[in-house]
Amino acid sequence: MVPHLITALTGPINELEARILESMPAIERWFRLEWMEHTPPFYTSVDIRNAGYKLAPVDTNLFPGGWNNLTEEMLPLAVQAAMAAIEKICPEAKNLLLIPEKHTRNTFYLMNVQRLMQIFHQTGLNVRLGTLDEEIKKPTKLALPDGSELTVEPLVRTRGRLGLKDFDPCTILLNNDLSGGIPKILEGLHEQYLLPPLHAGWAVRRKSNHFRSYEEVAKKFAKLLGMDPWLINPMFAQCGKVNFAEGTGIDCVKGHAEALIAKIRRKYKEYGITDKPFVVVKADAGTYGMGIMTVRDPKELDELNRRTRNKMSVIKEGQEVTEVIIQEGVPTFERINEAVAEPVVYMLDRYVVGGFYRVHAERGIDENLNAPGAAFVPLAFDEASHLPRPGAKPGASAPNRFYMYGVIGRLAMLAASYELEATDPEAEIYE
């Protein structure tokens, strides 16, 4: 169930891509064996950067929004994958409660909620929306740009169960990343399935844990293919006590940035890469492209202006940044109409169901594209003639980039599975 999609690009297949395509049977078997031992997150989206010489995930989201950016043609795959996921968790499920973000006035986000409801409705479930917004006391209609509307309802908690008035769900799906902390109403729900689990939210989760797990997965995968794991793994470091507003802990960030840039430089030399190395400093928790900066020279950290300090000190829902991850910067050489682009891969259960390019005309190849002004170009379905022909010279056959993106996306999803197992507060400990 990996859709073969074709991107807007038909550059020559590089060595990494050729190796991944040649090893397809071994790769699929390896994933099958991994999924026998690990449970995939319920749904995942992964931001990927393709530098030509390196292809790596730079962010993994366990509460993905943006489902409205997938094309209609991708829906049957999403519905099929959703069916597989629900059957595994609660085969007799009838009702699904979807809990969106609190800031439900954002119409782009609401279109994403509508698309999720559509997917799960087509799997044969009654889907209703419950909100964590305590100001909503009765069913409230929210208008969408296409003239339709969504109804959000106040949550009703009775002992160990959560639902709505006259609506008792078997499964509760969170599309809220819990950046602002874990609401009391969601705790102790032992009689229902809460997906993803509470410890997948940013109140608990850390990017550094995720990339530690990803490093482990990348090493295993690279061993399978007989390649250097660096080609698919962004190096990183972490600082635990930073206050950008007061300027404390910046020395830790600077030290790690220097060490990381030196490591990247050595790798570039080994591979004959002439790019200038850089690192990306970002909040260790949280999404929405907030609290991120590109550092090309560690000395820049000595002279951070007030605007940058303010930008780095708070993220979504006003949460203060005290922990940061310093990550190897992977430039993106993907382009759509001259604008810089990066692929985003969407998965439900263990299946790749689609994706799109995030495109930003005003950003550079070494900058964060998840920012106001970004546009989304769906990865369109491919025709048989565009499947890579085994044995064809690089460039002679249109590259099926999406298979490669799907592999990297699934590696990041597998890492998320390792990460959730390692951080599960209710995991059984075997001595």
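All values below were derived from every heavy atom in this structure, side-chain atoms included, with hydrogens, water molecules and symmetry-related copies excluded.
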Participant: With rounding to the nearest 0.5 Å, note down the distance linking CD1 in Ile119 to CG in Leu348.
Facilitator: 6.5 Å
Participant: For the residue pair Thr39 and Leu420, establish whether any side-chain heavy-atom pair is separated by less than 4.5 Å.
Facilitator: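 No, side chains not in contact.
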Participant: Return yes if some donor-acceptor pair links the side-chain N/O of Thr332 with the main-chain N/O of Ala341 below 3.5 Å, else return no.
Facilitator: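 Present.
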Participant: Given the rule in the side-chain contact (heavy atoms from CB on, under 4.5 Å) test, do Leu97 and Gln192 qualify, once you have shown the distances and angles that lead to the verdict?
Facilitator: CA-CA 11 Å; Leu97 174 62; Gln192 289 159 301; over 6 Å; no
Participant: Picking from Leu98, Val127, Ile86, what satisfies side-chain contact (heavy atoms from CB on, under 4.5 Å) with Leu173?
Facilitator: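 Of the listed options, the one satisfying the test is Leu98.
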Participant: For Lys220, I'd like to know if atom NZ has over 12 heavy atoms of other residues, nucleotides or ligands within 6.0 Å.
Facilitator: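 It does: Lys220 NZ has more than 12 such atoms within range.
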Participant: So which atom in Gly329 and which in Val280 form the shortest heavy-atom distance, rounded to 0.1 Å?
Facilitator: CA-CG2, 4.2 Å
Participant: Is it the case that atom CZ in Phe108 sees more than 12 heavy atoms from other parts of the structure closer than 6.0 Å?
Facilitator: no
Participant: Any Lys/Arg nitrogen of Lys219 or Glu216 sitting under 4.0 Å from an Asp/Glu carboxylate oxygen of the other?
Facilitator: no
Participant: Has the side chain of Arg49 got a donor or acceptor atom that lies under 3.5 Å from a matching backbone atom of Ala56?
Facilitator: no
Participant: Describe, in one word, how the ring planes of Trp35 and Phe31 are oriented to each other, choosing from parallel (under 30°), tilted (30 to 60°) and perpendicular (over 60°).
Facilitator: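 Parallel, since the angle between the ring planes stays under 30°.
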Participant: How long is the span from the CG atom in Asn61 to the CG atom in Asp47, to the nearest 0.5 Å?
Facilitator: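 Rounded to the nearest 0.5 Å, the CG-CG separation comes out at 8.0 Å.
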Participant: Determine the minimum heavy-atom distance between Phe333 and Gly52, stating which atoms define it.
Facilitator: CD1-N, 4.5 Å
Participant: Answer yes or no: is there a side-chain heavy-atom contact under 4.5 Å between Arg350 and Arg410?
Facilitator: no
Participant: So, does Arg115 use its side chain to make a donor-acceptor pair with the main chain of Leu70 at under 3.5 Å?
Facilitator: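 It does hold such a pair.
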Participant: Testing Leu129, Leu144, Asn68, Val152 for side-chain contact (heavy atoms from CB on, under 4.5 Å) with Leu110, which one passes?
Facilitator: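 Result for side-chain contact (heavy atoms from CB on, under 4.5 Å) with Leu110: Leu144.
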Participant: Kindly determine whether Thr60 and Thr44 satisfy side-chain contact (heavy atoms from CB on, under 4.5 Å), including the steps that lead there.
Facilitator: CA-CA 7 Å; Thr60 301; Thr44 319; 3.6 Å; yes
Participant: Which heavy-atom pair separates Ser179 from Asp177 by the least distance, and what is that distance?
Facilitator: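 Minimum heavy-atom contact is OG-OD1, 2.8 Å.
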Participant: If every non-hydrogen atom of Asp59 is compared with every non-hydrogen atom of Lys207, which pair is closest and at what distance?
Facilitator: OD1-CE, 3.9 Å
Participant: Using 0.5 Å steps for rounding, measure from the CG atom of Asp424 to the NE2 atom of His199.
Facilitator: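 Rounded to the nearest 0.5 Å, the CG-NE2 separation comes to 4.0 Å.
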Participant: Taking atom NE2 of His256 and atom SG of Cys239, what is their separation to the nearest 0.5 Å?
Facilitator: 4.0 Å
Participant: Are side-chain heavy atoms of Arg205 and Leu62 found at a separation under 4.5 Å?
Facilitator: yes
Participant: May I ask you to check whether Tyr268 and Tyr53 place their ring centres under 6.0 Å from each other?
Facilitator: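 Yes: the rings meet the under 6.0 Å criterion.
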Participant: Above 12 or not: heavy atoms from other molecules or residues under 6.0 Å from CZ of Arg29?
Facilitator: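 No.
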Participant: Of the non-hydrogen atoms in Pro343 and Tyr357, which two are nearest, and what is the gap between them?
Facilitator: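 For Pro343 versus Tyr357, the nearest heavy atoms are N-CD2, 3.6 Å.
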Participant: Side chains of Gln238 and Asp284: donor-acceptor distance under 3.5 Å anywhere?
Facilitator: yes
Participant: Taking the side chain as every heavy atom from C-beta outward, state whether Ile99 and Leu162 have any atom pair closer than 4.5 Å.
Facilitator: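 Yes, side chains in contact.
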Participant: Does atom NZ of Lys299 have more than 12 heavy-atom neighbours from other groups under 6.0 Å away?
Facilitator: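 No, because the 6.0 Å sphere around NZ of Lys299 holds 12 heavy atoms or fewer from other groups.
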Participant: Atom OG in Ser23, atom CG in Leu225: separation rounded to 0.5 Å?
Facilitator: 4.0 Å
Participant: Could you check if a side-chain atom of Glu328 sits within less than 4.5 angstrom of a side-chain atom of Lys263, using non-hydrogen atoms only?
Facilitator: no
Participant: Please check if any side-chain donor atom of Thr131 sits under 3.5 Å from a side-chain acceptor atom of Asp133, or the reverse.
Facilitator: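 Per modelled atom types, Thr131 and Asp133 side chains form no pair under 3.5 Å.
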Participant: Quick check for you: to the nearest 0.5 Å, what is the distance between Arg358 atom CZ and Asn368 atom CG?
Facilitator: 7.5 Å
Participant: Does Asp228 come within less than 4.0 Å of Lys267, counting only side-chain N to carboxylate O?
Facilitator: yes
Participant: Could you go step by step and tell me if Tyr271 and Leu231 meet the side-chain contact (heavy atoms from CB on, under 4.5 Å) rule?
Facilitator: CA-CA 10 Å; Tyr271 285 95; Leu231 297 172; 4.1 Å; yes
Participant: Distance alone, cut at 3.5 Å: any donor-acceptor contact between the side chains of Thr248 and Glu246?
Facilitator: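 No - no donor-acceptor pair under 3.5 Å links their side chains.
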Participant: Side chains of Gln114 and Tyr109: is there a donor and an acceptor less than 3.5 Å apart?
Facilitator: no
Participant: Which atoms form the tightest heavy-atom contact between Ala416 and Pro41, and what is the distance?
Facilitator: CB-CG, 3.8 Å
Participant: Are the side chain of Lys54 and the backbone of Asn233 linked by a donor-acceptor contact shorter than 3.5 Å?
Facilitator: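 Yes, Lys54 side chain to Asn233 backbone: donor-acceptor pair under 3.5 Å.
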Participant: Within the side chain of Asn176, is there an N or O that forms a donor-acceptor pair under 3.5 Å with the backbone of Leu178?
Facilitator: yes
Participant: How far apart are the C-alpha atoms of Met74 and Leu77, what are their side-chain angles, what is the distance that settles it, and do they pass the side-chain contact (heavy atoms from CB on, under 4.5 Å) test?
Facilitator: CA-CA 6 Å; Met74 294 175 191; Leu77 270 174; 5.6 Å; no
Participant: Measure up the Trp67 and Tyr43 rings against each other and bin them: parallel (under 30°), tilted (30 to 60°), perpendicular (over 60°).
Facilitator: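 If you compare the ring of Trp67 with that of Tyr43, the planes turn out parallel.
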Participant: Measuring only between side-chain heavy atoms, which start at C-beta, is Phe376 closer than 4.5 Å to Val344?
Facilitator: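 Sidechains of Val344 and Phe376: no contact.
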Participant: Under a 3.5 Å distance rule, please check whether Glu300 uses its side chain to pair with a backbone N or O of Asp297 as donor and acceptor.
Facilitator: yes
Participant: Does any non-hydrogen side-chain atom of Arg19 lie less than 4.5 Å from one of Leu16?
Facilitator: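 Not touching, per the 4.5 Å side-chain cut-off.
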Participant: Do Glu419 and Arg212 meet the salt-bridge criterion of a basic N to acidic O distance under 4.0 Å?
Facilitator: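 A salt bridge is absent here (no side-chain N lies under 4.0 Å from a carboxylate O).
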Participant: Please report whether the ring centroid of Trp202 lies less than 6.0 Å from that of Phe63.
Facilitator: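 Between Phe63 and Trp202, the centre distance exceeds or equals 6.0 Å.
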Participant: Does Ile20 reach the side chain of Ile27, with side-chain heavy atoms less than 4.5 Å apart?
Facilitator: yes
